[in-house]
Amino acid sequence: MVTLPILHVAQKEGGTQFKLLVEYPNDIKALMKPMRFPRDQQTLPNHFYFTDYERHNAEIAAFHLDRILGFRRAMPVTGRLLNITTEIYQVADDNLLKTFFISPASNLCFHGKCVYYCDTSHAICGNPDKLEGSFAAFLPTFETANRKTWRHPWRRSYHKRRKAQWETDANYCSMVRDIPPYDEGRRLLDLMDMSVFDFLTGNMDRHHYETFKIYGNNTFTLHLDHGRGFGKPFHDELTILAPMLQCCMLRKKTVRKLLDLHNGPKSLSQLLRESMQMDPVSPILWEPHYEALDRRLAIILQVNVA
Ligand SMILES: Nc1ncnc2c1ncn2[C@@H]1O[C@H](COP(=O)(O)OP(=O)(O)OP(=O)(O)O)[C@@H](O)[C@H]1O
Ligand SMILES: [Mn+2]
C-alpha cells in the first residue's frame, strides 16, 4: 500500500464521511482517508461525536494499538504521502473529478460527495502538491467473505437532545445479556474488549460493528472505522467504558494484557511510539495523546479493582 503505483481512485460508497477506494495492480485495493487537519487539532468543543471530523492518523494509530493490545481485529493501516496531481487527479474516477478545483492559493483541491463535510469550505487540498492519507488494507469482497453488520447495544443516540437507553437504565446490561448473540459464547466479551479499545483512543462513534458471516455467532468482532478517535487528549470519556462498567465484565486474557502493559518494562505509549516509528508519515500522533493512553490504561485498571 505504501510503494505500489496507484492506478485508479474513486470515492468509496457507504457511510457518511469521505473516503477513497484506491486500486493498485493485481486487483489490490485500499481504503484511503485523506488528511484534513494538522496532528494537534482537537475535536472542536462544540462538536458532537457525530459531527466530529475524521482524522486519518487516528486510523493508523488505532491499528497499531489494536495489535499491541493483542486483539488483532483491525485491518492493517499505513500512512502514505501522495502527489495530488499524479496520484489522485490523473487517475480519478469521473464523479470524483467533477469536484476538483484550484484554490485561491493555487493548490489543487477536491471535496467529493458525502453527507458530512464534502463541500468547498471543507476541501482537501495539496500542499502545494503533497497530500497525506491513511491506507487500510481492503477487506475481502462480499462474494469471498460476506459480513454481517450489527447495531452496537451501547450505541449513542446520534441526536443532540436525546439519550440512549443505556445512559439512563442502570440495569441495561442484564437485558442485553439475555438476548442472542450476547447470551452465550464470546460476543459480549468482545464488546467489553471493544469498549476498552475505544476508551483508550477516545472513540465515541461505535454505532455498528461487523463480523464475518461464515463463522456464525462464534467469531470475533471486526474493529473498523477509527477516524474519530484521538480527538481529545486532555479529556477521558468514561461513558465509553459503559459496557464494561455496566456488565462488570472483562476477559481474563485482556485484564492480564492490560496489567502487563501497565507494569512495563515499556509503557503502552512507548510501545505504540516504537510501533509507529517506521510509518511513512510518522510522527503519527500529537504528543499529548501518548500521555492520555497511559493515563487511560491506569483508569481502566482502577475501575476494575474498585
Ligand atoms: N478496510 C476496509 N476494506 C473494505 N471495506 C471497508 C474497510 N473498512 C470499512 N469498510 C466498509 O466501508 C463502509 C464505511 O466505512 P467507515 O465506517 O470507515 O466509514 P464512515 O463514513 O465512517 O461510516 P459511518 O458513517 O457509517 O460511520 C462500511 O460499510 C465498512 O464495511
Ligand atoms: Mn464512521
Side-chain angles (χ1 to χ4, degrees), residues 1-2 4 6 8-24 26-37 43 47-67 71-80 93 96 99 111-119 122 124 133-152 154-159 164 194 197-198 201-215 219-232 237 240:
M1 291 191 289
V2 177
L4 285 178
I6 294 173
H8 189 76
V9 175
Q11 199 178 323
K12 163 95 166 66
E13 305 296 326
T16 54
Q17 306 229 22
F18 181 77
K19 53 207 159 301
L20 292 169
L21 170 58
V22 173
E23 292 178 27
Y24 302 98
N26 302 317
D27 266 334
I28 297 172
K29 295 185 179 76
L31 184 76
M32 184 222 178
K33 295 195 177 180
M35 171 168 166
R36 287 184 174 272
F37 302 101
T43 300
H47 266 198
F48 290 94
Y49 51 90
F50 55 89
T51 51
D52 190 14
Y53 299 118
E54 286 208 305
R55 288 163 287 276
H56 72 305
N57 61 319
E59 294 280 4
I60 301 170
F63 156 66
H64 285 264
L65 180 67
D66 179 80
R67 194 165 49 84
F71 297 144
R72 295 176 179 266
R73 296 169 199 161
M75 292 303 277
V77 187
T78 180
R80 175 170 175 167
D93 149 85
L96 182 61
T99 73
H111 55 67
K113 277 197 183 117
C114 67
V115 180
Y116 280 117
Y117 309 122
C118 282
D119 52 62
H122 297 93
I124 295 142
S134 68
F135 290 71
F138 215 70
L139 285 155
T141 61
F142 279 106
E143 294 84 64
T144 313
N146 203 357
R147 302 190 302 277
K148 186 175 163 98
T149 301
W150 306 77
R151 188 181 193 279
H152 196 299
W154 277 268
R155 175 194 149 100
R156 289 171 198 277
S157 69
Y158 288 79
H159 188 283
M194 212 187 275
F197 179 62
D198 288 339
T201 68
N203 177 22
M204 300 172 75
D205 192 30
R206 192 65 78 183
H207 44 90
H208 289 84
Y209 67 88
E210 298 181 25
T211 58
F212 286 114
K213 236 178 192 167
I214 37 164
Y215 303 117
T219 184
F220 69 99
T221 55
L222 279 156
H223 290 176
L224 299 174
D225 191 9
H226 306 121
R228 281 173 171 158
F230 297 100
K232 291 189 174 186
E237 184 57 47
I240 304 174

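Quick caveat: nothing in here was measured; it's all calculated off a predicted structure. Counting from 1, the numbers follow the sequence of the chain as shown. Whatever order the structure lists ligands and atoms in, that order sets their numbers, starting from 1.
Note: Trp154 and His152 have perpendicular aromatic rings, judged against thresholds of 30 and 60 degrees for the angle between ring planes. The aromatic rings of His223 and Phe71 lie perpendicular to each other, with more than 60° between the two planes, well past the 30° mark.
Taking the centre and axis of the six-membered ring of Tyr116, the NZ or CZ atom of Arg36 falls outside the cone set by 45° and 6.0 Å.
In this structure, the protein non-hydrogen atom closest to atom 19 (O) of ligand 1 is Lys19 CE, 3.0 Å. Of all protein heavy atoms, the one lying nearest to atom 23 (O) of ligand 1 is Gly15 CA, 3.3 Å. Protein heavy atom in closest approach to atom 22 (O) of ligand 1: Asp225 OD2, 2.9 Å. Looking at atom 26 (O) of ligand 1, its nearest protein heavy atom turns out to be His207 CE1, 3.3 Å. Shortest contact from atom 12 (O) of ligand 1 to any protein heavy atom: Lys12 NZ, 3.3 Å. Shortest contact from atom 18 (O) of ligand 1 to any protein heavy atom: Lys33 NZ, 3.1 Å.
For the atom pair OH of Tyr209 and CZ of Arg73, the computed distance is 12.0 Å after rounding to the nearest 0.5 Å. One distance of note links NE2 of His56 with CE of Met32; it measures 8.5 Å at 0.5 Å rounding. From Ile28, atom CD1 reaches atom CG of Leu4 across 5.5 Å, with rounding to the nearest 0.5 Å. Rounded to the nearest 0.5 angstrom, Lys33 NZ and Glu54 CD are separated by 3.5 Å. Atoms CZ and OG1, on Phe37 and Thr43 in that order, are 10.5 Å from each other to the nearest 0.5 Å.
Taking every non-hydrogen atom of Glu54 and a distance limit under 4.0 Å, the qualifying atoms of ligand 1 come out as 22 (O). Listed by number with element, the atoms of ligand 1 under 4.0 angstrom from any heavy atom of Glu210 are 28 (C), 29 (O), 30 (C), 31 (O). Atom numbering of ligand 1 starts at 1 in the shown order; those under 4.0 Å from a heavy atom of Leu31 are 7 (C), 8 (N), 9 (C). Every atom of ligand 1 with a heavy atom of Phe138 under 4.0 Å away is listed here by number and element: 3 (N), 4 (C).
Considering only non-hydrogen atoms, atom 6 (C) of ligand 1 lies nearest to Leu139 out of Leu139, Thr141, Thr16, Val115. Closest heavy-atom approach to atom 1 (N) of ligand 1 within the set Pro140, Ala137, Gly227: this belongs to Ala137.
Remark: aromatic rings of Tyr158 and Tyr49 are close, center separation under 6.0 Å. Taking the six-membered ring for Trp and the full ring otherwise, Phe197 and His226 have centroids separated by under 6.0 Å.
Not a single N or O atom of Glu13, backbone or side chain, sits closer than 3.5 Å to an N or O atom of ligand 1.
Contact annotation: for Met32 versus ligand 1, there are no heavy atoms closer than 4.0 Å.
As for Asp225, its N/O/S atom nearest the Mn ion (ligand 2) is the one called OD2.
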